[in-house]
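Structure first, then comments.
One-based numbering along the sequence shown. Every value quoted in this text rests on a predicted model; they were computed, and no experiment measured them.
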Amino acid sequence: MARPPATSPRSLGAFELDSTLARARIDADDFGITRAAGAIAETGTVILDDATTSTRLSALAPWIHVALVRRADIHRSLCAEISALGGDPYVVRCTGPSKTTDVEGILIQGVHGPGEPIALIVDAW
């Protein structure tokens, strides 16, 4: 079976796997996979920062976000995470899909950020 060149997206059946971010078609992407800076066990929060997250847009724009979290970077609580995280000027803490209501009280989920966040815990990179 012929393999596509390393610079082109690889076809895996019903979808393409592309390791580059195309801003022009970000709304067409079904999911994004990023490396997380860590996680908070107490709240189920995934931590994204500038230093370790390849691109926040890949984490926050697609409906499904898969965050790879190293087991060693899981903190017990928010206080433990804040003291352990360095001085990165931009940190996003994602704890499930966003929820908001309109004037009539109708709940809308996933308006800001992914609707289905997934944390995949790995032992090492």
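Checked for salt-bridge contact, E81 and R93 meet the test: a charged N lies under 4.0 Å from a carboxylate O.
A67 and A36 make their closest contact through CB-CB, 4.2 Å (heavy atoms, listed as atom of the first residue, atom of the second, distance).
A distance of 5.0 Å separates NE2 in H75 from CD1 in I47, rounded to the nearest 0.5 Å. Of the inter-residue distances, the one linking E42 atom CD with L78 atom CG reads 7.5 Å to the nearest 0.5 angstrom. Rounded to the nearest 0.5 Å, atoms OG (S77) and CD1 (I40) are 7.5 Å apart. The distance from the CG atom of D49 to the CZ atom of R35 is 9.0 Å, given to the nearest 0.5 Å.
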#### Entry: Steps toward side chain to side chain contact (heavy atoms under 4.5 Å, CB included) verdict (H65, L48)
CA-CA 12 Å; H65 172 228; L48 307 174; 4.2 Å; yes
### Message
As a quick check of understanding, evaluate side chain to side chain contact (heavy atoms under 4.5 Å, CB included) for V122 and R71, giving each step before the final call.
### Response
CA-CA 6 Å; V122 296; R71 188 177 308 278; over 6 Å; no
### Task
Report the C-alpha separation of I118 and I64 in whole Å, then their side-chain angles, then the decisive distance to 0.1 Å, and conclude whether the side chain to side chain contact (heavy atoms under 4.5 Å, CB included) test is met.
CA-CA 7 Å; I118 300 167; I64 300 170; 3.9 Å; yes
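Contacts of D102 classified as side-chain hydrogen bond (donor to acceptor under 3.5 Å, both in side chains), with partners at least two apart in sequence or in another chain: none. Evaluation of the side-chain hydrogen bond (donor to acceptor under 3.5 Å, both in side chains) rule for T95 yields T45 as partners, not counting sequence neighbours.
Taking 4.5 Å as the limit, every side-chain heavy atom of R70 sits out of range of all side-chain heavy atoms of D123. Side-chain contact between T34 and L68 is absent, with no heavy-atom pair separated by less than 4.5 Å. I74 has its side chain within reach of V69: a pair of non-hydrogen atoms, C-beta onward, lies under 4.5 Å apart.
For the salt bridge (Lys or Arg N to Asp or Glu O under 4.0 Å) condition, no pair includes a residue of residues 60-69, sequence neighbours left out.
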